[in-house]
Number of protein chains: 2
Amino acid sequence: MAEHPYHHGDLRAALLKGAEHTLREKGASALSLRELARSIGVSHAAPSRHFKDKQALLDALALSGFQRLTLALRQAATDAGTQGELTALARAYVGFATGNPELLEVMYARKHDPNASEQLKEAVDQLVVAVVQPIADGQAAGDIVPGDTMSIAMVVAATLHGIASFAANGALTPEAVTGVLDDAVHHLLHGLTPR
Amino acid sequence: MAEHPYHHGDLRAALLKGAEHTLREKGASALSLRELARSIGVSHAAPSRHFKDKQALLDALALSGFQRLTLALRQAATDAGTQGELTALARAYVGFATGNPELLEVMYARKHDPNASEQLKEAVDQLVVAVVQPIADGQAAGDIVPGDTMSIAMVVAATLHGIASFAANGALTPEAVTGVLDDAVHHLLHGLTPR
DNA sequence: ACCTGAACACCGTTCAAGT
DNA sequence: ACCTGAACACCGTTCAAGT
């Protein structure tokens, strides 16, 4: 077994892992395919067998990000009670954002690009469902005002995303995030609760 | 007068104008200093006299963006009444976002970078004031619940920014934006209004 | 003071050729 | 099937030299 066998074994997985590491450490703009190949010990042309271009690699990272975020939201939303469920949802979303700020940017950069793959669009749809479902449940339980579910979900999603953006880019310190989050859920709910 | 006099005249302004045009048409990732210089008819090394590097050019664009956005918010917030003022504020913010999506990204990319210039930080502070002021006014008028103004402003700003992001990246169509916006202000206010 | 031209050290992408 | 090496057309940045 030589140090550098001709076939890497699983170059695709190594590229994804390395790329996410670079993303996390140095940001998307610092991601270079040539440097990535170099660090893995493969020629600069090798990645093209697995990802047709740089965007294809970023798309694969975004896809995995959407899948992981959706999973996290689903696991969070199993609490009982509308307020508890929304709070858990909000914390899961913002937790992901603070834990993976650069990945989130890559994800949102492709979110509604018409050139995105069907697979990516499907993953985005799943994420939307994970956010809309708790709202629909809350309406069914009478905890949230009746009305167009999508438009209410849009407002909730916008607030979550705004807080997540502020947290991801430093406008909000990690310590301040939880407080703002709980405030936001509280203020939103008291506007959404019938009385 | 030759076609290409040795001195451009106002190369700095030409660079800013050309860069913003490219930003608008093709996005930040497609902005190349060399191509910019070429389109202006100047050598590729000339821009460095006016902007030490590419980031310095982007910072100048961001600065101008923050100043224009702050001005737009100030002009919007002169309506009478808390609800009207917040609605106008929201529309102005989101209008800027849909009209200048790529510029907004450049602005937010630098928003809390510790390496940002003092001038840029000052412009960001002015923007924050423009958002916080109407909240404080609403509290003084008894239209908004008492409590920490900054934390309430944070929730409002997050919602605005979330809607603006969705509008800027296509998650929300231009036609849908106004409706979502008015819904958001309505839902937020009914949570913020004492009763 | 302002700009050019050449040079340096990088990129992403493509493609014949090798294993 | 998978990877290499060379080539092409770009980048951003720096710096002596020109006007």
Side-chain angles (χ1 to χ4, degrees), chain A residues 1-23 25-62 102 105-106 109-110 113 115-117, chain B residues 1-23 25-62 102 105-106 109-110 113 115-117:
Chain A
M1 273 188 262
E3 289 248 15
H4 295 285
Y6 193 83
H7 286 72
H8 175 275
D10 198 352
L11 181 55
R12 189 177 194 281
L15 287 166
L16 285 172
K17 189 178 168 187
E20 188 157 354
H21 183 259
T22 304
L23 209 61
E25 300 301 318
K26 306 198 272 176
S29 63
L31 180 63
S32 145
L33 285 184
R34 288 181 99 114
E35 191 181 347
L36 188 57
R38 229 178 282 133
S39 78
I40 291 174
V42 98
S43 90
H44 64 259
S48 74
R49 290 288 136 183
H50 301 277
F51 299 103
K52 125 175 187 299
D53 56 22
K54 196 176 177 178
Q55 189 58 61
L57 175 58
L58 291 174
D59 280 1
L61 289 174
E102 297 283 348
E105 239 171 67
V106 171
R110 293 296 283 175
D113 193 309
N115 298 328
S117 72
Chain B
M1 271 186 264
E3 290 248 16
H4 295 284
Y6 195 83
H7 286 72
H8 176 275
D10 198 352
L11 182 54
R12 189 177 195 280
L15 287 166
L16 285 172
K17 189 178 168 189
E20 189 156 356
H21 183 260
T22 304
L23 209 60
E25 300 300 319
K26 305 199 273 177
S29 62
L31 181 63
S32 145
L33 284 185
R34 288 180 98 115
E35 191 181 347
L36 188 57
R38 229 177 281 133
S39 78
I40 292 175
V42 97
S43 89
H44 64 259
S48 74
R49 289 289 134 183
H50 301 276
F51 300 102
K52 120 174 190 300
D53 55 22
K54 198 176 175 177
Q55 190 58 61
L57 174 58
L58 291 173
D59 280 0
L61 289 174
E102 297 284 349
E105 239 172 67
V106 170
R110 292 298 281 176
D113 192 310
N115 298 326
S117 71

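Chain letters run A, B, ... following the sequence lines, proteins first, then strands; residues in each count from 1.
Atom NZ in B/K54 sits roughly 8 Å away from atom C1' in D/dC11 (whole-Å rounding). Regarding A/L36, its CG atom lies at a distance of 16 Å from the P atom of C/dC10, rounded to whole Å.
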Legend entry - Pairing annotation in dot-bracket form, given for DNA chain C with Watson-Crick or G-U pairs under 3.5 Å and | for cross-strand partners: ||.|||||...|||||.||
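Checked against side-chain contact (heavy atoms from CB on, under 4.5 Å), B/E20 has the following partners two or more places apart in sequence or in another chain: B/R24, B/L61, B/R68, B/N100, B/L103. With sequence neighbours left out, the side-chain contact (heavy atoms from CB on, under 4.5 Å) criterion links A/A56 to A/F51, A/D53.
For the pair A/S32 and C/dC11, the criterion of a side-chain N or O lying under 4.0 Å from OP1 or OP2 is met. Residue B/H50 places at least one side-chain N or O closer than 4.0 Å to OP1 or OP2 of C/dC3.
DNA chain C lies under 4.0 Å from at least one heavy atom of each of the following residues of residues 8-17 of chain B: B/H8, B/L11.
For A/L33, counting side-chain heavy atoms from C-beta on, the closest listed nucleotide (C/dG12, D/dT4, D/dC11) is C/dG12. Proximity note for A/A46 (side chain, C-beta onward) versus D/dC3, C/dT13, C/dC3: the nearest is D/dC3.
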Would you be so kind as to tabulate the donor-acceptor pairs closer than 3.5 Å made by side chains of residues 29-41 of chain A, with sequence neighbours excluded?
residue: A/S32; atom: OG; partner: A/R34; partner atom: N; Å: 3.3
residue: A/S32; atom: OG; partner: A/E35; partner atom: N; Å: 3.0
residue: A/S39; atom: OG; partner: A/L36; partner atom: O; Å: 2.9

Inset, instruction - Dump the intermediate steps for side chain to side chain contact (heavy atoms under 4.5 Å, CB included) on A/K54 and A/L57, then the final yes or no. - result: CA-CA 5 Å; A/K54 196 176 177 178; A/L57 175 58; 5.6 Å; no
Inset, instruction - Summarise how protein sits on nucleotides 14-19 of chain D as a single string, 5' to 3': B when a protein heavy atom is under 4.0 Å from the base, S for sugar-phosphate-only contact, - for no contact. - result: BB--B-
